[in-house]
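Just below is one structure, and these are the notes that go with it.
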There are 2 protein chains.
Amino acid sequence: MRSGYGWLHQNFRGGGPPPTLPRRYIINIFTTQRGHLSAEDVFTKVQKLYPRTGFATVYRTLDLLRREGILRRFEFGDGRARYELADQNFHHHHLVCRQCGRIINYSDFTKEEEELFRRIEKALKKKYDFAIDSHQLHFYGLCARCQKSKKEEL
Amino acid sequence: MRSGYGWLHQNFRGGGPPPTLPRRYIINIFTTQRGHLSAEDVFTKVQKLYPRTGFATVYRTLDLLRREGILRRFEFGDGRARYELADQNFHHHHLVCRQCGRIINYSDFTKEEEELFRRIEKALKKKYDFAIDSHQLHFYGLCARCQKSKKEEL
DNA sequence: TCCTTATTGATAATGATTCTCAATAGAGTA
DNA sequence: TACTCTATTGAGAATCATTATCAATAAGGA
Ligand SMILES: [Mn+2]
Ligand SMILES: [Mn+2]
Ligand SMILES: [Zn+2]
Ligand SMILES: [Zn+2]
């Protein structure tokens, strides 16, 4: 019957799935600290707030929140998926350190990027009849610290 | 002593690792057909050419060729890594269908992209002291076929 | 040929993620 | 409140891609 749930957390759309305790805790984790969290990261953090939480619930909730558009999912190449809050006021892309895995958000050139990407999307839609809903741009390299430690090796 | 190997396959740099049979077969697979192959894809194809090949060798070789700069590795979100030939004459990005996993190469706007990305890289290097060596841009959405099958569902 | 080292293939191990299923929680109803 | 019905949960097993182990083999160099 799925009704009467719209009142709870603003991040859940009215009529959607019920905002249960673990779900709210997990949302809180993402809203209170900006990070790129793996399932394990989230599990550890929820445990402290709500120790009975199981790993399966964390995975299920992360996927639920992704489907609801609350979280975005990334694969940066370290073998585990990472999630962050989908904040349309903070559109950004990522710098990924190949050595230590550090991830840096950057939002420079947003204007120009958006301009170019809009045109690309339009052209691709026309050329390939492809309905684009999102994009990801990752730059890979070495962070400042890892460049230093590499020099010291020599 | 690692010498005398430079003569074999042009794709291996002189003095590098020896171009053994399975390695050459795997390179051939990538040079003869342009695709985004998973380890399993490659395994199946090598099997036909050189049936004694083991899975471990495929994984090891894919990683070797990536380190040598011959292959590029991608994660498109379907849970398995995919590889393609690193062809600097065909710089391109990808369209990924969320439904069926189809991957389309596109190389429109290369000029403008490169222009913008060069500036971004420069700025990020300055701002974050980050040594960028590559980037990946993925557009996600629905391919033509999957859009149709979605309409037919209704 | 003999020595030495790199590569290989079979297999076991790992690690992230998903599945299964019985127990529980909670909304709606009388 | 007690009862019914469904969705959610947690524990653990299962899956799947990838890595590690290790003994056997191949190939260069002396
Ligand atoms: Mn981010
Ligand atoms: Mn490609
Ligand atoms: Zn680093
Ligand atoms: Zn498709």
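Each chain gets a letter, A, B and so on, in the order the sequences are listed, and its residues count up from 1. Below, all heavy atoms of this structure are taken into account, side chains as well, without hydrogens, waters or symmetry copies.
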Between [N] atom [atom2] and [X] atom [atom1], what is the distance in whole Å?
X        : N       : atom1 : atom2 : value
Phe76(A) : dA16(C) : CZ    : C1'   : 17 Å
Tyr25(B) : dT8(C)  : OH    : C1'   : 15 Å
Leu62(A) : dA16(C) : CG    : P     : 14 Å
Arg80(A) : dT19(D) : CZ    : P     : 13 Å
Leu64(B) : dT18(D) : CG    : P     : 17 Å
Arg73(A) : dT18(C) : CZ    : P     : 7 Å
Glu75(A) : dA17(D) : CD    : C1'   : 12 Å
Arg60(A) : dT20(C) : CZ    : P     : 12 Å

Taking atom types as modelled, find out whether His94(B) and His36(B) have a side-chain donor-acceptor pair closer than 3.5 angstrom.
->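 Yes, His36(B) and His94(B) have a side-chain donor paired with an acceptor closer than 3.5 Å.
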State, without any angle test, whether Gln33(B) and Lys45(B) hold a side-chain donor-acceptor pair at a distance under 3.5 Å.
->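 The answer is yes; a qualifying pair exists.
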Determine the minimum heavy-atom distance between Phe55(B) and Glu40(B), stating which atoms define it.
->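 For Phe55(B) versus Glu40(B), the nearest heavy atoms are CZ-CA, 3.9 Å.
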Sorted by number, the residues of residues 49-59 of chain A with heavy-atom contact under 4.0 Å to DNA chain C =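 Result for residues 49-59 of chain A: Ala56(A), Tyr59(A), sorted by number.
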Near-ring test His135(A)/Phe117(A), centroid separation under 6.0 angstrom =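 Centroid distance Phe117(A)-His135(A): below 6.0 Å, so yes.
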Secondary-structure stems for DNA chain C, with pairs counted as Watson-Crick or G-U when both distances are under 3.5 Å and runs at least 3 long =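 Stem list for DNA chain C: C:1-30 with D:1-30.
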With a 4.5 Å heavy-atom cut-off, do Phe130(B) and Phe139(A) have their side chains touching?
->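 Phe130(B) does not reach Phe139(A) side chain to side chain.
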Taking the side chain as every heavy atom from C-beta outward, state whether Tyr83(B) and Ile70(B) have any pair of such atoms under 4.5 Å apart.
->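 No - every pair of side-chain heavy atoms lies 4.5 Å or more apart.
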How is the hydrophobic cluster of Phe74(A) composed, in terms of its other members, when Ile, Leu, Val, Met, Phe, Trp and Tyr link through side-chain heavy atoms under 4.5 Å apart, directly or indirectly?
->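 So far as hydrophobic clustering goes, Phe74(A) is joined with Phe76(A), Val96(A), Ile103(A), Tyr140(A).
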Run through Leu85(B), Leu64(B), Thr61(B) and flag the one making a side-chain contact (heavy atoms from CB on, under 4.5 Å) with Leu71(B).
->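 For Leu71(B), the side-chain contact (heavy atoms from CB on, under 4.5 Å) check succeeds only for Leu85(B).
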Do the charged groups of Arg67(B) and Asp63(B) touch, with an N to O distance under 4.0 Å?
->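 A salt bridge is present here (some side-chain N lies under 4.0 Å from a carboxylate O).
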